[in-house]
Number of protein chains: 2
Amino acid sequence: MAGSCRDRCGGRRRLIDKWRLPNYLLNMNRKSEETVAARISRHLADRIIAGEIEPGARLRQDHIAEEFGASHVPVREAFRRLEAQGLAISEPRRGVRVAAFDLSEVKEVAEMRAALEVLALRHAAPHLTSAILDAAEEATKAGDNSRDVRSWEAANRRFHRLILEPCRMPRLMATIDDLHAASARFLFATWQSDWETRTDHDHRAILAALRKGDVETACATLARHVQWIGHRPITRGGRKRDVFAIVG
Amino acid sequence: MAGSCRDRCGGRRRLIDKWRLPNYLLNMNRKSEETVAARISRHLADRIIAGEIEPGARLRQDHIAEEFGASHVPVREAFRRLEAQGLAISEPRRGVRVAAFDLSEVKEVAEMRAALEVLALRHAAPHLTSAILDAAEEATKAGDNSRDVRSWEAANRRFHRLILEPCRMPRLMATIDDLHAASARFLFATWQSDWETRTDHDHRAILAALRKGDVETACATLARHVQWIGHRPITRGGRKRDVFAIVG
DNA sequence: GATCCTCGTTTTATAGATAAAATTATATAA
DNA sequence: TTATATAATTTTATCTATAAAACGAGGATC
């Protein structure tokens, strides 16, 4: 009787055990609570941002399903998420492609970030503590010491998130996150191989202004900072062309 | 020979015919090119915005699938789209609910709209023609003459779209559209039954400034305009409470 | 009365099948 | 040879059926 029950109620028993678990162990299970579609969408987003999948490349649902050991249904859900993030474009009956981008989109994202990050900073400023500003300073130093684009981008994103998050506006932060993903994509497409270390004076100016309570100067510097578009010529496939990216 | 071919190649023949069709007839087919998932997402969004489905109400995939004569697969895709728009929230293994909202979210959307619509207007201004401004004036008049919220909201949205669209920033416009959907939802939740006609002085001030080429005044007025949050007490379910909405 | 078990419902995901459309390859005619 | 028509293949988009997992509502048990 108990045996036949365990056969049928295994999942339930595990649930009850979960309630008995302390929180730090529960958090380890969080990944298993994530949906397959969410996992696929996250992985594909990472690859698109890293430039592992070329802009314009087709995303074939059955191939991706096979790769992730899933069926096509969660793959299609992941596609909808990527579409909403602006990382992929879907044409009915023609499939999904990695979104292409040009200088005008780089500029567009930069200007949207300027407008929205300033808004966020204005609301976050009253809630900023010196502990947060210290952490942001640490992130800036980590960026300055980065030897490659990937770690520089991670540190840069950490800086922006630290000073903006306390605005307590979830919708705004979600939109900014998507814009950061786009920015990172532009950056990786441009500075894929070579990256020269540089000190971030803007970040330090923003922090100095915030410590003084001068929100206006901080906002003005931030707005200018994220609209700074780096450009340089690269040779790819034999022919030269100029490439651009948001650097900040 | 021709007969057996038509049986198997009907689709291809139709495709060739499509190439021969003039554009105005092609556009009529556009709706049939729309995906079932897109259709479901659109219909659900309409209902959520109109307030036909209560905030917090569960969206059960099998019920919705049955209602639209579809399977659960396109319904789930529609859910992802609604989630990205901020109209629904999805908790893994717990299903999807219509997103709830409070005053803080109304304010958040208003401020995001102010920031982004000003950005759009700044870029649209150089491309605005007197024909566009005349059409925007017509939309304002239509709003003033509206006897109900629905038609007022449609006219208001038309006004904003007319003066912002020429910015030629697709990502920005898509984000603004989603924010307008949220605004409309707040509005309908508040002024569902009674709506008093009023003349929109802000719209006229914006148009006057644009005609004079005074972009700064137009932007400042627009920013103030979309942040104007109407509030009034309503009695619902016996108890009184204050409700708020973006009115502009 | 508190705890545990069971059952029905719902979500999430899989698998297989199908129709329509798009793509690619091939053969044919001008 | 080139352009076009035909055929074969692939891919998308959808449906149906099915199964595991999770939740909630009672009901049984101690």
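These values consider heavy atoms only, across backbone and side chains, with no hydrogens, waters or symmetry-generated copies. To find a chain, count down the sequence lines: A is the first, B the second, and so on, and within it residues start at 1.
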If only side-chain N and O atoms of [X] are considered, is one of them under 4.0 Å from the OP1 or OP2 phosphate oxygen of [N]?
X      : N       : value
R76(A) : dT14(D) : yes
R94(B) : dT11(C) : no
R93(A) : dA13(D) : no
H72(B) : dT14(D) : no

Across the strands shown, which category fits [X] at heavy-atom distances under 4.0 angstrom: base, sugar-phosphate, nothing?
X      : answer
L59(B) : sugar-phosphate
E77(A) : nothing
V96(B) : nothing

- Task: Give a yes or no on whether the backbone of L119(A) and the side-chain of H123(A) come within a donor-acceptor separation of less than 3.5 Å.
- Result: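 Checking the backbone N and O of L119(A) against the side chain of H123(A), a donor-acceptor pair under 3.5 Å is found.
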- Item | N/O donor-acceptor pair under 3.5 Å between R97(A) side chain and G56(A) backbone | yes
Starting at atom [atom1] of [X], determine the distance to atom [atom2] of [N], rounded to an integer number of angstrom.
X      : N       : atom1 : atom2 : value
E83(A) : dT12(D) : CD    : P     : 14 Å
Q61(A) : dA22(C) : CD    : P     : 15 Å
E34(B) : dA13(D) : CD    : C1'   : 14 Å
D62(B) : dC15(D) : CG    : P     : 12 Å
I40(B) : dC15(D) : CD1   : C1'   : 12 Å
F79(A) : dT11(D) : CZ    : C1'   : 11 Å
E66(B) : dC15(D) : CD    : P     : 13 Å
R97(A) : dT12(D) : CZ    : P     : 10 Å

- Query: Is it true that D177(A) and R157(A) have a side-chain N and a carboxylate O under 4.0 angstrom from each other?
  - Reply: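 Judged by the 4.0 Å cut-off on N to carboxylate O distance, D177(A) and R157(A) do not form a salt bridge.
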- Query: Charged N to carboxylate O under 4.0 angstrom, R150(B) versus E153(B)?
  - Reply: no
- Note on the structure: On DNA chain D, more 5' by nearest nucleotide between R58(A) and V73(A) is R58(A)
- In E108(A), E105(A), E111(A), the residue satisfying salt bridge (charged side-chain N to carboxylate O under 4.0 Å, His left out) with R171(B) is E105(A)
